[in-house]
Amino acid sequence: MESNHLASLLLGFSTKSAESIQKSGIENYITEQLNAKNSLSMPQFIADGPKNLQEIGAIKKEADKGEKASNDLARELNKLSFDWKAFVIRRCNQSDAPLREKINLFFQNHFVVTLHTVKVPFWIYKHYEAINTYSLGNYKTLVKEMVYSNSMIKYLDNHQNKKDAINENLGRELLELFTLGEGHYTEADIKNTALALAGLTFGDEKGVYRNATRVTTAKTVFGKTGIFNIDDVIDVIFEQANTPYFLAEKVLKWFFYDTPPKELIEKYGKLLKDVHFELKPFFQALFTEECKQSTGGNQIKNPLCYLLQVHHDLSLTPNYTFLAFLLKNQGMDIYDQPNVKGWKGGHDWMTTQLYTERNQFIDFVIDGNVQFEKTVNRRLEKFNVDSVHFEPKLTISNKTNAQAIINELCDRMIFSTNPEMLASLGELLKYDFDPKAENANQAIFRVYQYLAKSPEFQIV
């Protein structure tokens with residue numbers, strides 16, 4: 001794969017930034033992306049929707065008066081859920097700062113909250129807004145914002161954490177999944193972190209402490225004692241040895257390696273510590289160095305990158321609600337991860353079933369399937385979105401001969417070739433191929449179809 005196309009995939013969701021990377025150079029491109037203004041406005045469907053659990057409860061109470069009203073509410077809440085998923089996918093695809101959006105999605109999978117559990121789309125939006133605001137600031141500040149998020153409080157039951165009934169869920173995940181990693185704390189640290197979180201419950205915009213239910217006695221975490229609230233505990237957590245290395249490993253896994261090399265975890269963990277957890281210089285150095293080093297082949301492509309790359313390659317008009325459905329079926333349900341650990345990635349993206357479904361999608365796009373198209377569009381009717389109908393177009397800059405076409409598609413699509421693949425491509429597009437022939441475009445589509453269904457295309 002040509003290096004600019006590879007970098008575009010690693011730092012975004014498709015190869016559409018390859019030209020910008022070539023023009024700017026990788027280091028300048030990363031700087032431009034990290035300095036880009038990533039504006040965010042609340043979508044109207046969120047602004048018009050319920051803002052808290054009380055409003056959700058009132059709507060459900062009214063709906064309970066009749067079966068039709070109850071069914072209508074269920075449909076409306078389901079539509080609202082997919083409207084949100086489609087909104088996030090649209091930003092990933094259309095943003096002028098795809099690297100920022102990939103960072104945002106990383107942190108959403110790091111600080112997992114789900115629509116299914118939280119129930120309040122407005123709270124989910126505020127969670128996303130906080131990530132968008134702080135994802136290039138100081139990591140400690142971002143952790144504090146996440147802990148105070150109404151969504152996080154609801155998702156991990158901290159509204160049930162009170163001085164007379166301690167709930168350790170948020171305290172445990174703060175240590176295990178958000179900051180330190182398993183094995184770098186004790187059960188006593190969890191217990192005292194939970195005590196510091198007691199009384200933190202829902203507020204209008206973000207979480208607030210209720211004095212009546214908080215614990216005001218001293219707590220001891222990692223050998224330090226004080227009348228700590230959760231901000232104080234997080235300050236202590238960020239003094240612990242593994243905090244920077246834990247985040248460095250997860251960033252490397254999200255962007256570059258299914259199994260990050262230990263020496264790189266140590267290198268970038270030390271860097272994060274040296275820059276005092278400031279994320280922008282950390283990302284700048286890590287992305288620049290790894291893009292210069294990478295030859296590809298270290299990571300199985302996640303479903304979102306796979307789908308958006310195909311859409312870009314074939315100039316498809318996205319139906320974002322349909323993409324949300326596809327991602328759910330592919331195990332990458334946006335803002336509805338299977339559990340608090342988030343999407344595992346790696347081989348989870350490439351089961352036999354998921355690989356088969358990817359190939360069926362390519363066949364559907366290129367060959368068409370009238371019955372499948374009707375089924376999909378019937379399902380989409382209730383969402384008031386455009387129907388799905390693909391008319392793929394494949395732009396080739398050099399059509400002088402078969403080998404030039406094959407080389408260009410390989411450079412754009414796959415990180416490596418092998419003799420068997422090249423032989424098969426030579427059969428699909430023979431050496432005497434005439435690009436002006438009547439069925440020339442169909443033959444070129446067959447090359448794309450073959451490459452898109454190859455194991456190599458599933459890897460970046």
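Only a predicted model underlies this, so the values are computations on that prediction, with no experimental measurement involved.
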Please work out whether the ring planes of [X] and [Y] are parallel, tilted or perpendicular, with thresholds of 30° and 60°.
| X | Y | result |
| --- | --- | --- |
| H311 | F361 | parallel |
| F364 | F390 | perpendicular |
| F238 | F277 | perpendicular |
| Y128 | F87 | perpendicular |
| F256 | F287 | tilted |

First locate atom [atom1] of [X], then atom [atom2] of [Y], and finally report the distance between them rounded to the nearest 0.5 Å.
| X | Y | atom1 | atom2 | result |
| --- | --- | --- | --- | --- |
| L327 | K85 | CG | NZ | 9.5 Å |
| M413 | E408 | CE | CD | 11.5 Å |
| K267 | L272 | NZ | CG | 14.0 Å |
| L174 | T179 | CG | OG1 | 4.5 Å |
| T114 | K119 | OG1 | NZ | 8.5 Å |
| T417 | L422 | OG1 | CG | 4.5 Å |

Within the 4.5 Å heavy-atom criterion, are [X] and [Y] side-chain neighbours or not?
| X | Y | answer |
| --- | --- | --- |
| M1 | L9 | yes |
| Y185 | N242 | no |
| V251 | I103 | no |
| I153 | F202 | yes |

More than 12 foreign heavy atoms under 6.0 Å from [atom1] of [X]: is that the case here?
| X | atom1 | value |
| --- | --- | --- |
| E420 | CD | no |
| K328 | NZ | no |
| D274 | CG | yes |
| E438 | CD | no |
| K344 | NZ | no |
| E32 | CD | yes |
| N339 | CG | yes |
| E263 | CD | yes |

T15 (side chain) donor-acceptor with A18 (main chain) under 3.5 angstrom: no
Side-chain donor/acceptor of Q458 to backbone N/O of Y355, under 3.5 Å: no
D83 with R90: basic N within carboxylate O range, under 4.0 Å: no
Steps toward salt bridge (Lys or Arg N to Asp or Glu O under 4.0 Å) verdict (K126, E129): CA-CA 5 Å; K126 296 300 289 184; E129 181 185 54; 2.6 Å; yes
Would you list the atom pairs, donor with acceptor, under 3.5 Å between side chains in residues 278-285 and any protein atom, with sequence neighbours excluded?
unit_1 : atom_1 : unit_2 : atom_2 : d
E278   : OE2    : N138   : ND2    : 3.0
K280   : NZ     : N35    : OD1    : 3.0
Q284   : OE1    : T31    : OG1    : 3.1
Q284   : NE2    : T31    : OG1    : 3.1
Q284   : NE2    : T288   : OG1    : 3.4

Identified side-chain contact (heavy atoms from CB on, under 4.5 Å) counterpart of I230 within the set V147, N158, I237: V147
Centroid separation F107 to Y134 less than 6.0 Å: no
Validation row, ring centre F246 to ring centre H184 under 6.0 Å: no
Between [X] and [Y], do the side chains contain an N or O donor and an N or O acceptor separated by less than 3.5 Å?
| X | Y | value |
| --- | --- | --- |
| N4 | E2 | yes |
| Q330 | Y306 | no |
| E173 | Y155 | no |

What pair of heavy atoms forms the shortest contact from [X] to [Y], and how long is it?
| X | Y | value |
| --- | --- | --- |
| K51 | I46 | NZ-O, 3.6 Å |
| G331 | W343 | O-CD1, 3.4 Å |
| S17 | S8 | N-OG, 3.0 Å |

K301 to F457, cation-pi by 6.0 Å centre distance and 45° axis angle: yes
